[in-house]
There are 2 protein chains.
Amino acid sequence: MVTTRRTGLREQKKQATREALSAAALRLALERGPDNVRVDDIAEAVGVSPRTYNNYFSSREQAIIAAVTSEREARVAAAVAERPDGVGLATAVIEAIVDLYTDPGEPGRDALLLITTRPALREAFVDTTSAIEHPLTDAIAGRLGDVDPHTPRVLAASVAAAVRVAVEQWLRTTAASFTAGGLVVPSGSLPDLLRTMLAPLTPALDAAEQRARRRRR
Amino acid sequence: MVTTRRTGLREQKKQATREALSAAALRLALERGPDNVRVDDIAEAVGVSPRTYNNYFSSREQAIIAAVTSEREARVAAAVAERPDGVGLATAVIEAIVDLYTDPGEPGRDALLLITTRPALREAFVDTTSAIEHPLTDAIAGRLGDVDPHTPRVLAASVAAAVRVAVEQWLRTTAASFTAGGLVVPSGSLPDLLRTMLAPLTPALDAAEQRARRRRR
DNA sequence: GCAGAAAAGTGCGTGCACGCAAGTTTGCGT
DNA sequence: ACGCAAACTTGCGTGCACGCACTTTTCTGC
């Protein structure tokens, strides 16, 4: 039997405590509001020392956010890779990312509402966009047949940056619609924003693909 | 008389203390090594309270780095804008950035060496790349005649991301050449790396420029 | 199985970031 | 010139991140 790489029980328990910690963090934050949650509380809820807590997370925000965005990092690579070779790199990447963000990582709407409300959490949420960079680099390199290692890195970084801009914009407008008591999101849904922000990068992705294809024959 | 925007003496003094703080931070870090510099020391050297210190900088690393990279943020916009309208957007941006990073912010080589040596400082240095994003956004918007506010944002973010990748790569190799006792930088100078990493974005910049030009007539 | 190595968990100490609520300086209108 | 308002500075208190050294748990080779 093939263990999921590396020793089994060890990684398994690690993953378990990690999830327990972030779950507890989210639960407590929802119950009492994020400002009334001490690191000690989270640690105690899981039955682990505070010091151990911060071996896993180096900020409360990280722990809370992780409950919502944990597997995104892992899903990106698969999402891009599974697109048929027929479709272009640009559309493959764009559709994969849109999928990634439309299917809610799922737990609850209230979690997202909590995140979009509190500034510290919003910031942490924006920061998670950079987590897709490395998986994306590999996925793009796979599609390009990695002739030059730099191009995939730059493209992945740019895509991640565009995603960040989209999320920032989304947060900005949703915040505005909350405070202003507006009815619906003025500037569009997150998927729409993602498409809008990723569109300007299409030429770069296409060009890289053409270069790679030309080089391959 | 036109003050440099906003009230004169106030901003002037603020800027003075800011510079004094970062200068002191750098000086002390060079003298004793960065690990032997307490925040209190920096504050005391400038004659200001520690609390005030962190009204200006929220980490020692920031303060030290700022001594080297302070005006970069301001110079980018000017650097892009001053390129003649004849040259394309892509080359204007690339050349401006290369200039920005080749002309050393200047102070001393030892400062840079200190930065490239200590991990915490390296990380802070990498983070400074994102500071060019907003000025770049304005500069690009200016050249495109800002029809759509999103495109400049995405492009600027992508360029900043590419610059970050270049700096990361540069730091990686210089670190390797230090530890391995290698002679010269294996993968190229920073300017070369910048050109390499920015090249894949050229199609995106060109395309945006074409779209803007088409729209203008 | 068992011994030794590797890794995760823990306790402790230190330096720091940051909110808050004064105190102090600067700028502006009249 | 004068006083008010806004901006900057400061002291204090709290929670936290993180290095270090040590214990406990898990893995590996024999």
Side-chain angles (χ1 to χ4, degrees), chain A residues 1-22 24-25 28-29 32-66 117-124 127, chain B residues 1-22 24-25 28-29 32-66 117-124 127:
Chain A
M1 187 197 298
V2 178
T3 57
T4 14
R5 164 79 184 175
R6 197 85 182 243
T7 55
L9 206 157
R10 242 181 162 83
E11 290 300 307
Q12 208 169 322
K13 285 192 96 171
K14 262 191 89 161
Q15 204 54 29
T17 26
R18 163 173 285 268
E19 281 169 24
L21 280 170
S22 75
L28 291 175
R32 332 176 173 172
D35 294 342
N36 301 325
V37 180
R38 306 265 152 277
V39 160
D40 297 12
D41 303 336
I42 304 173
E44 195 187 4
V46 177
V48 86
S49 106
R51 186 63 182 82
T52 294
Y53 154 86
N54 98 264
N55 286 340
Y56 286 90
F57 301 103
S58 44
S59 85
R60 258 197 330 284
E61 288 73 28
Q62 265 187 36
I64 298 175
I65 295 279
T117 300
R118 308 283 169 150
L121 289 178
R122 295 164 51 115
E123 200 174 331
D127 287 344
Chain B
M1 187 196 298
V2 178
T3 57
T4 14
R5 164 80 185 176
R6 196 87 183 241
T7 56
L9 205 157
R10 241 180 163 87
E11 289 300 307
Q12 207 170 322
K13 285 190 96 171
K14 262 192 88 161
Q15 203 56 31
T17 22
R18 164 173 283 269
E19 281 168 25
L21 280 169
S22 75
L28 291 175
R32 331 176 175 171
D35 294 342
N36 301 325
V37 180
R38 307 264 152 279
V39 160
D40 297 12
D41 302 336
I42 304 174
E44 195 187 5
V46 178
V48 86
S49 108
R51 185 64 183 83
T52 294
Y53 154 86
N54 99 256
N55 287 339
Y56 287 91
F57 300 104
S58 45
S59 84
R60 259 197 329 285
E61 288 73 28
Q62 265 187 36
I64 298 176
I65 295 281
T117 300
R118 308 284 170 149
L121 288 178
R122 295 165 50 118
E123 201 174 329
D127 287 344

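No experiment lies behind these values; they were computed from the predicted model shown. Within every chain, numbering begins at 1; the chains are lettered A, B, ... in the order of the sequence lines, protein sequences first and strands thereafter.
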Q. Quick one: bend of the helix from C:dG1-D:dC30 to C:dT30-D:dA1 from 5 pairs per end, to 10°?
A. 40°

Q.
Under 4.0 Å from OP1 or OP2 of D:dC8: is there any side-chain N or O of B:Lys14 that close?
A. yes

Q. Would you say C:dT25 has OP1 or OP2 under 4.0 Å from some side-chain N or O of B:Lys13?
A. no

Can you name the side-chain contact (heavy atoms from CB on, under 4.5 Å) partners of [X], sequence neighbours left out?
X	result
B:Ala45	B:Ala24, B:Arg27, B:Leu28
A:Glu123	none
A:Gln15	A:Arg18, A:Glu19
B:Lys14	B:Glu11, B:Tyr56

Q: Counting heavy atoms from C-beta on, name the nucleotide in D:dT9, C:dT10, D:dG11 closest to the side chain of A:Val48.
A: C:dT10

Q | pair A:Asn54-A:Val39: side-chain heavy atoms closer than 4.5 Å | A | no

Q: Check whether any side-chain heavy atom of B:Leu21 lies under 4.5 Å from a side-chain heavy atom of B:Val48, and answer yes or no.
A: yes

(Q) Measure CD/B:Gln12 against P/D:dC8 and give the value in whole Å, please. (A) 14 Å

Q | Where at least one partner belongs to residues 35-45 of chain B, residue pairs that pass salt bridge (charged side-chain N to carboxylate O under 4.0 Å, His left out), sequence neighbours excluded | A | B:Arg32-B:Asp41, B:Asp35-B:Arg118

Q. Which pairs pass salt bridge (charged side-chain N to carboxylate O under 4.0 Å, His left out) with one or both residues in residues 45-65 of chain A, sequence neighbours excluded?
A. none

Q | Under 4.0 Å protein heavy-atom contacts per nucleotide of nucleotides 14-21 of chain C, with B for base, S for backbone only and - for none | A | -SSSBBB-

